[in-house]
Amino acid sequence: MPGPLSLSFDTVAQGGKRALARALSDIEANDGHPDVARLLDEAATEARAHVVGLTGPPGVGKSTLTNALIRHWRSEGQSVGVVAVDPSSQISSGALLGDRTRLDTDPTDQQVFVRSMAARDRLGGLSDEALAAIILMRALFDRVLVESVGIGQSEADIAFAADSIVLCIQPGSGDSLQFMKAGVMELPDIVIVTKADMGSPARRARADVEGALSLALRKQQDWSVPVLLASAQDGTGLQDLVTALDAHFAHLVSTHSLTTQRDRQARQWMHDRIRRKFGQIGLKLSQFDRWHDSGLALFESERKSHEDLLRRLTDNS
Ligand code: GDP
């Protein structure tokens, strides 16, 4: 049994940004430790933030929009946690980005916390560390923004972690057609055509997206996906985005979907995690669902599954 870590949810909650940064590093360095599972399970029950996922191809304007949203929420006195997933840096290729983020926030502001994280794979998928950071930040801030590059199917990863998904599309890029082909149009709760200051190409892109959406399968029958024009440069459409996000969150709450959606996402993530570690057969043999259904917390069920599968594999060798 590994020794105890000095990690408790209360210490993190009371210790400000420094304690949070330390906890995230401890989580990364101690994957599979019972204290990490305990901390994350406790954080999962303390969820308070609206988690917004912002995705789209490189250069579409995600960072610019993230900066604008941070400023907007801070001006309302809301606290904001940001997870920026950097596809150019992969977990396997070494160090995390640290503070080399393109976001421009005030380091002395205790109510904004930005964590850059390496992507799980070349396509910008979310790592387990990113999910852990989201779960922890969700318990500590009013808003959590996850910015990730979406190229083809890797947008789907953000659906494991976000309450509301915003897909960003660049005018004149033909992206909507590509996204429709890749099945990505089924994912967003809100679509933003960025760089609206470009004029008619932006309006055309909006019409294309509306066309693509009308052909796509709907994730939620009772939510119609708004397609908004926004320019982070001149501020147009930012308020519309904020309003649409609030409306989507209110919709999740009023239809009692927020908790079920979060539970489903978390379970899917754990299945995916077990499958990545132990393959399809490992997932079949795993007791995760049985343990979790009988009341064992999420991260602890996964940790126990890992331990159990590993033991069975090595027992048979
Ligand atoms: P990301 O790679 O998706 O994060 O995109 P960035 O936010 O870094 O933006 C890519 C480029 O688009 C930068 O040169 C920005 O200055 C530019 N950009 C971002 N938002 C806007 C906008 O609303 N209008 C215009 N014209 N350019 C923008």
Side-chain angles (χ1 to χ4, degrees), residues 52-74 80-90 96-106 112 114-127 130 134 143-158 161-162 164-176 178-179 182 184-185 187-206 208-209 226-245:
V52 174
L54 205 63
T55 187
V60 68
K62 295 180 298 301
S63 305
T64 313
L65 209 52
T66 298
N67 271 322
L69 281 171
I70 295 172
R71 269 199 299 279
H72 178 90
W73 284 325
R74 286 302 296 125
V80 189
V82 179
V83 176
V85 180
D86 176 13
S88 63
S89 154
Q90 288 174 44
L96 299 176
L97 263 188
D99 53 3
R100 274 201 297 125
T101 161
R102 286 179 297 159
L103 301 177
D104 128 52
T105 54
D106 173 4
V112 183
V114 177
R115 183 78 165 190
S116 289
M117 308 199 89
R120 168 149 70 91
D121 50 41
R122 225 163 16 87
L123 296 176
L126 295 195
S127 63
I134 293 164
R143 305 277 176 169
V144 172
L145 233 166
V146 186
E147 186 200 325
S148 80
V149 174
I151 310 161
Q153 279 300 316
S154 65
E155 285 88 353
D157 264 13
I158 211 162
S164 306
I165 298 178
V166 180
L167 176 64
C168 301
I169 287 193
Q170 160 116 6
S173 62
D175 282 344
S176 49
Q178 286 306 321
F179 285 140
V184 171
M185 275 305 177
L187 283 175
D189 302 297
I190 296 165
V191 178
I192 293 283
V193 175
T194 56
K195 310 186 188 182
D197 47 278
M198 286 169 71
S200 60
R203 288 191 294 277
R204 260 200 313 279
R206 179 193 200 168
D208 288 349
V209 172
V227 184
L228 309 172
L229 286 171
S231 163
Q233 209 165 61
D234 64 19
T236 329
L238 186 69
Q239 187 57 53
D240 295 340
L241 172 58
V242 167
T243 306
L245 283 169

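Numbers here are sequence positions counted from 1. Just so it is clear, the structure is predicted and the values come from calculations on it, not from any experiment. Remember, it's 1-based here, ligands and their atoms both numbered in the order they're listed.
Of all atoms in ligand 1, listed by their number and element, those nearer than 4.0 Å to a heavy atom of Thr64 are 6 (P), 7 (O), 9 (O), 19 (C), 20 (N). Atoms of ligand 1 lying under 4.0 Å from at least one heavy atom of Ser231, given by number and element, are 23 (O). For ligand 1, the atoms closer than 4.0 angstrom to any heavy atom of Ala232 are 23 (O).
A side chain to side chain donor-acceptor pair (under 3.5 Å) with Ser231 holds for exactly one of Thr194, Asp197, Thr236, Thr64; it is Asp197.
Within the 4.0 Å heavy-atom shell around ligand 1 one finds Val60. The shortest heavy-atom distance from Glu147 to ligand 1 is under 4.0 Å.
One distance of note links CG of Leu238 with OG1 of Thr243; it measures 9.0 Å at 0.5 Å rounding. We find the OG-CG distance between Ser164 and Leu54 to be 11.5 Å, quoted to the nearest 0.5 Å.
Closest heavy-atom approach to atom 25 (C) of ligand 1 among the candidates Asp234, Leu229, Asp197: Asp197. When the heavy atoms of Lys62, Lys195, Met198 are ranked by distance to atom 1 (P) of ligand 1, first place goes to Lys62. Relative to atom 2 (O) of ligand 1, the option among Pro171, Ala230, Pro57, Gly59 with the closest non-hydrogen atom is Gly59.
For Ile134 against Val146, the heavy-atom pair with the smallest separation is CD1-CG2, 3.6 Å. In terms of heavy atoms, Ala162 sits closest to Val52 at CB-C, 4.3 Å.
Without hydrogens or angle criteria, Lys62 side chain to Gly56 main chain gives a donor-acceptor distance under 3.5 Å.
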